[in-house]
Structures are given as C-alpha cells and as structure tokens.
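Structure first, then comments.
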Amino acid sequence: MCVGLSAKVVKIGDGVAIVDAGGAKREIASQLIEDLEPGDYVMVHAGVAIAKITDEDENETDQLMEDLF
C-alpha cells in the first residue's frame, strides 16, 4: 500500500520546496507541479509533490489519518 501525505508549502526553491507536514518540515522535489507557491497544499509521496490539493482536501486527509491511528 502506498501512502501520500498532505503538507503545506512553506518555501519554494529551484525544483525543491520546503513543506510542513504536521509540524515536521522537510525538503521535497517539486518539479511535477507548476505555479506552486508558499501557502499551497500538496500531496507528497516518496519525497515528491505529486498533486496540488485544496485546504478542504488537506483537512479531510488529516481527519482520516487521525481516525486510522
């Protein structure tokens, strides 16, 4: 099973982004998503931003993760 986590973009660099995922900040690859800006939410899998998501999607993902654990 593959799991993607939602995260908020904090900073954008050259092909990389710093994201905050539940308080943990990490550097991820962001080349797959155009027009990414700080404040956007992304789905992250294996250290790569794979999709831009809405605030509502992020809240729903957080709730599902809490319910699982």
Side-chain angles (χ1 to χ4, degrees):
M1 177 164 109
C2 297
V3 177
L5 299 174
S6 60
K8 184 176 184 177
V9 176
V10 177
K11 185 177 177 182
I12 300 292
D14 186 30
V16 297
I18 304 297
V19 296
D20 182 336
K25 291 190 174 73
R26 56 191 330 187
E27 185 176 276
I28 62 165
S30 61
Q31 298 98 326
L32 297 178
I33 303 177
E34 295 181 15
D35 303 324
L36 197 58
E37 298 181 14
D40 289 341
Y41 286 91
V42 293
M43 185 61 60
V44 179
H45 176 66
V48 178
I50 58 173
K52 192 186 275 191
I53 60 175
T54 67
D55 293 344
E56 291 176 9
D57 293 334
E58 196 274 336
N59 291 335
E60 183 178 350
T61 301
D62 283 349
Q63 185 60 49
L64 288 169
M65 294 302 287
E66 284 180 28
D67 292 347
L68 286 172
F69 299 106

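Please read all numbers here as calculations on a predicted model, not as lab measurements.
Expressed to the nearest 0.5 Å, how far CD1 of I53 lies from NZ of K8 amounts to 12.0 Å.
Residues in residues 26-44 take part in these salt bridge (charged side-chain N to carboxylate O under 4.0 Å, His left out) pairs, two or more places apart or across chains: D40-K52.
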Under 3.5 Å donor-acceptor pairs involving side-chain atoms of residues 9-22, not counting sequence neighbours:
residue: D20; atom: OD1; partner: G23; partner atom: N; Å: 2.7

